[in-house]
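First the structure, in the form of structure tokens, and then the observations on it.
Below, read A as the first sequence line, B as the second, and so on, with proteins coming before strands; counting in each chain starts at 1.
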Amino acid sequence: MTEPSRYRPQEIERHWQRQWQDQKLTATPEEGDGEPFYALSMFPYPSGSLHMGHVRNYVITDVVARVQRLRGRRVLHPMGWDAFGLPAENAAIERGVDPASWTDSNIAAMRQQLDQLGLSIDWERELTTCHSDYYRWTQWLFLQFLEAGLAYQKDATVNWDPIDQTVLANEQVDGEGRSWRSGALVEKRKLRQWFLSITSYAQQLLDDLRLLDGWPERVRTMQANWIGRSTGAELQFTVVDAAGHDTAERITVFTTRADTLFGASYVVLAPEHPLVESLTSPEQQQPVVAFCDLVARQSEQERTAEDRPKRGVPIGARVRNPANGELIPLWIADYVLADYGTGAVMGVPAHDERDFQFARQYDLPVRQVILPDGVIEQSVEAGAWTEAGVLVHSGPFDGLSSVEAKQAITAAAEAGGWGREKVQFRLRDWLISRQRYWGCPIPVIHCDRCGVVPVPAEQLPVELPRDVAFSGKGASPLAQLENWVNVSCPCCGAPARRETDTMDTFMCSSWYYLRYSDARNRELPFSREAVDHWLPVDQYVGGIEHAILHLLYSRFFTKVLRDRGLLGFDEPFSRLLTQGMVQGITYRNPETGKYIAPADVADPSDPRDPVTGEPLDTFFEKMSKSKYNGVDPAAVIERYGADTARMFILFKAPPEKDLEWDDADVEGQFRFLQRLWRLVDAAAERGLSLSHGAGTDPSVADALAIAAADGGLSTAERELRLAVHTAITAISEDLDGDYQFNTAVSELMKLSNAMAAHLEGSRPVFACEALRTLLILLAPFAPHLAEELWLRLEGRQPEDPLATGSIHVQRWPSADPGALVRDTVPLVIQIKGKVRGNLEVPADADKATLEKLALESEIAERWLEGKAPSRVIVVPGKLVNLVP
RNA sequence: GGGGGUAUGGCGGAAUCGGUAGACGCAGCGCACUUAAAAUGCGCAGGCGGCAACGCUGUGGGGGUUCAAGUCCCCCUACCCCCACCA
């Protein structure tokens with residue numbers, strides 16, 4: 001008897017990873033049978049080290065890719081690097097390293113860690129956004145936007161990050177007014193900036209959310225809210241002079257409550273409104289200027305405070321209410337946003353909370369024009385009535401409902417030339433300018449004579465200059481490179497200046513999924529043929545943090561490129577899976593607030609501060625360095641192997657939920673893989689091999705026929721086949737679109753448990769069917785172990801011509817309905833809806849038989865006490881409910 | 001303030017169209033193996049009562065529909081996420 005072998009993942013994983021690469025098992029089949037399938041993970045920023053969030057993301061996508069391969073699809077499963085961005089530049093500033101080399105060495109380090117996970121990635125299509133063979137096409141695409149009139153420059157009040165010395169998009173500023181990267185309090189500045197006109201596509205981006213039924217509802221709702229469509233009216237208030245005579249100037253306000261127009265007691269502009277300066281009266285000059293300064297200096301924190309007061313000043317002008325001719329004052333206030341609607345609103349204190357507060361503050365009149373339906377009188381002392389109702393004090397519109405009045409007043413405005421219906425979006429145009437070095441240069445040249453001139457396509461890429469000095473202060477390093485900045489105009493040849501802004505890195509990531517379809521194309525970013533062949537992405541996997549920005553921008557790109565004829569589909573990602581985050585066990589001293597590393601906690605069942613001995617709070621939280629709760633993937637792989645890490649991550653929680661990393665559970669997962677190893681090893685020892693049921697051996701079908709003629713299957717065989725084919729059915733369902741990897745893994749465990757019980761009592765052909773099936777079902781989850789056991793079970797030398805080859809080129813099994821059929825099934829007996837027992841009944845019994853069996857059962861006798869039930873419900877295959 | 005989501009044993013989580021709640025695993029307990037421990041194997045396990053058969057109870061709380069509710073409807077509570085002075 002030979003010594004049983006032991007499962008040593010470290011010995012087999014590296015071996016198979018090399019084999020798969022050498023045999024090009026993960027190469028993308030451009031041609032051949034099978035429909036294309038595109039599995040994509042959100043590509044990482046090359047920070048230099050892989051964290052558990054990455055691991056979870058890529059393992060999920062890898063399982064999807066591997067399952068689809070086994071099902072005969074031609075799979076594209078690529079990977080790349082979102083490689084522009086601030087950390088590289090910060091490293092340059094702090095340590096004087098070259099951002100390009102820093103990034104490349106990080107990529108090399110992460111690539112090595114990725115390889116240890118056994119991911120079936122086609123590295124032939126790897127792309128790196130900071131390499132010029134990629135970003136030349138980012139520039140090329142920018143020029144497409146420019147040509148389409150969708151890229152433009154304008155002066156804008158921008159978010160200025162005083163630490164990173166750069167402009168941030170609204171989306172990169174958090175709720176407290178801090179930079180998403182540096183954490184600095186953001187200030188305001190006015191600069192000439194490049195924008196992409198995403199608002200031109202607002203309606204389409206909203207409408208087409210309906211097409212995305214493979215996306216989580218949550219993400220679709222978030223995008224819809226972000227786009228924020230609202231229907232209302234633009235109404236014009238005529239500015240009057242000191243004597244009350246109309247001037248030519250008009251103030252246009254946007255409102256969703258045209259029905260409240262007669263209740264307007266003032267009109268208020270954003271402090272940044274362009275007409276503020278010209279309309280301010282001489283007397284009000286000083287307070288208005290002072291107020292605008294105050295607002296400009298106001299920190300984001302002050303402006304977003306919970307109970308922020310509304311402040312404003314009158315500018316000394318009046319406007320005429322177009323509905324009733326009344327003259328009302330013009331104010332400016334900090335609660336009016338300059339970049340939404342028209343930057344001006346009518347103040348209706350009786351029917352808007354904010355206006356009400358403002359009116360209270362400055363003693364402005366509160367005029368009630370809407371009463372709740374059926375109410376004759378209502379006090380306006382307590383607050384604004386903001387619901388719909390019936391109009392009063394509104395001249396000809398009295399008695400109309402809010403809904404009717406909105407239409408009627410808007411129609412009157414249109415007829416009278418003082419307003420119109422208006423659809424307003426919350427979505428703002430996308431500010432893409434960054435005053436940074438480490439980004440994709442915007443390929444335009446500024447010429448005094450010709451204006452903005454695009455760099456001719458044949459001159460792309462505009463390469464980022466190397467050997468740049470980084471001071472970390474002031475303007476972008478690019479602006480200081482005279483040789484680079486000064487060029488001649490491509491149009492007229494006169495001296496001109498390069499644009500020194502680079503693009504928001506979201507530009508680079510808005511089209512990378514297209515490039516993978518044709519990653520080595522030197523003529524175009526991608527050919528129409530390749531992109532239409534592989535896209536849309538069948539399954540996209542990534543973090544929920546990209547629910548709005550990256551996914552919205554990518555959808556926008558796709559629609560613009562479709563309209564330019566570069567591709568032939570409407571949406572880039574058919575299905576989206578947003579995986580939950582990975583949390584680590586976290587200890588905190590509730591007295592001091594200090595976080596304690598798990599390694600310093602002596603007894604996890606009674607965690608105490610290693611210094612003070614105080615008891616600690618224990619909880620799970622997103623892994624982060626500052627909380628010492630991170631788990632290093634490399635350490636886990638070294639100890640347990642990639643297969644255990646993969647299985648654990650998939651089993652521990654459903655993919656979209658947060659996952660609590662627990663060492664004890666990892667240990668348990670490792671034990672399961674060891675059990676599988678022993679199970680197959682013992683089978684091989686007994687002489688079982690994949691040759692049973694294959695080649696000249698009778699097939700499973702033959703064996704079933706032989707057995708049928710010879711007294712049928714043994715109990716063990718029936719149980720075994722039932723378990724095998726139940727597992728096939730269940731796991732196939734779990735992996736069919738709505739991914740439930742956790743239950744799929746548990747089905748593998750059930751199958752393995754059943755095999756441990758029934759393998760020995762079964763004939764080799766059936767035992768072998770079970771082993772073969774188990775390994776193929778396991779292969780997407782634990783690819784190395786499955787491959788190794790597959791080889792051992794072949795019972796042949798690898799060079800033998802009959803060898804069946806890699807497990808990863810096998811076909812996914814299909815369930816044999818015959819194996820799922822049972823002679824008898826348990827029937828639940830309920831009395832008045834309560835379960836009172838079980839009855840083993842023939843599986844094919846009809847309703848009448850089931851009723852008869854139930855009524856004759858001991859259970860019925862005992863609970864009905866001889867009385868006939870008043871009602872009997874029979875659910876074949878499930879239960880009989882007897883109601884006395 | 002608006003929108004979305006979640007709530008099931010000690011823990012992570014299962015449960016198709018309303019049909020045996022707690023699959024699978026972790027932790028725990030018992031037994032076997034061992035000089036012992038580890039490892040491994042077998043078994044127990046929602047709660048309460050009972051020696052047991054068994055009974056009662058049980059999916060955040062309250063009501064409802066139904067022969068039957070974790071699942072459907074109404075109300076409430078707690079927590080999480082996104083947006084937020086968007087007129």
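Checking the phosphate oxygens (OP1, OP2) of B:A14, no side-chain nitrogen or oxygen of A:Lys652 falls inside 4.0 Å. The side chain of A:Arg871 places no N or O atom within less than 4.0 Å of a non-bridging phosphate oxygen (OP1 or OP2) of B:A68. A close approach under 4.0 Å does occur between a side-chain nitrogen or oxygen of A:Arg836 and OP1 or OP2 of B:C56. Regarding contacts with the backbone of B:C82, every side-chain N or O of A:Thr221 stays at 4.0 angstrom or more from both OP1 and OP2. OP1 or OP2 of B:A15 has at least one side-chain nitrogen or oxygen of A:Gln740 nearer than 4.0 Å. Note on A:Tyr340: a side-chain N or O is less than 4.0 Å away from OP1 or OP2 of B:A87. Contact annotation: A:Asn753 reaches the phosphate of B:G25 (side-chain N/O to OP1 or OP2, under 4.0 Å). The side chain of A:Asn742 places an N or O atom within less than 4.0 Å of a non-bridging phosphate oxygen (OP1 or OP2) of B:A14. The side chain of A:Lys750 contributes no N or O atom lying less than 4.0 Å from OP1 or OP2 of B:A23.
Here B:A21 is the nucleotide among B:A21, B:A87, B:A27 with the atom lying nearest to any side-chain atom of A:Val835. Nearest to the side chain of A:Arg218, among B:U20, B:C81, B:C24, sits B:C81. Comparing atom distances between the A:Lys310 side chain and each of B:G41, B:C85, B:C24 picks out B:C85 as nearest. When each of B:C26, B:G19, B:U20 is scored by its nearest atom to the side-chain atoms of A:Ala664, the top-ranked nucleotide is B:C26. Taking only side-chain atoms of A:Arg671, from C-beta outward, the nucleotide of B:G12, B:U40, B:U57 with the closest atom is B:U40. Comparing atom distances between the A:Arg678 side chain and each of B:U40, B:A87, B:G19 picks out B:U40 as nearest. Closest to the side chain of A:Asn225, from the set B:G3, B:G19, B:C85, is B:G3. Set against B:A14, B:C81, B:U40, the side chain of A:Pro654 has B:A14 as its closest nucleotide. The side chain of A:Trp226 lies closest to B:C83 when the candidates are B:C83, B:C24, B:G13.
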> Please walk me through it: do A:Asp665 and A:Lys652 pass salt bridge (Lys or Arg N to Asp or Glu O under 4.0 Å)?
Replying inline: CA-CA 8 Å; A:Asp665 285 342; A:Lys652 175 80 181 175; 2.2 Å; yes
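In this structure, A:Tyr362 has its ring center closer than 6.0 angstrom to the ring center of A:Trp331. A centroid separation of 6.0 Å or more is found between the aromatic rings of A:Phe651 and A:Phe741.
Base orientation of B:G70: anti, since the glycosidic angle falls outside 90° of 0.
Because its NZ or CZ atom is not both nearer than 6.0 Å to the ring centre of A:Trp677 and within 45° of the ring axis, A:Arg6 does not count as a cation-pi partner of that residue.
One atom, CD1 of A:Ile332, and another, C1' of B:C85, lie 16 Å apart when rounded to the nearest Å. Atom CD of A:Gln424 is separated from atom P of B:A87 by 9 Å (rounded to the nearest Å).
Nucleotide B:C42 forms a pair with B:G30, judged by Watson-Crick or G-U wobble geometry with both contacts under 3.5 Å.
For A:Ser265 (side chain) and A:Pro365 (main-chain N/O), a donor-acceptor pair under 3.5 Å exists by modelled atom type.
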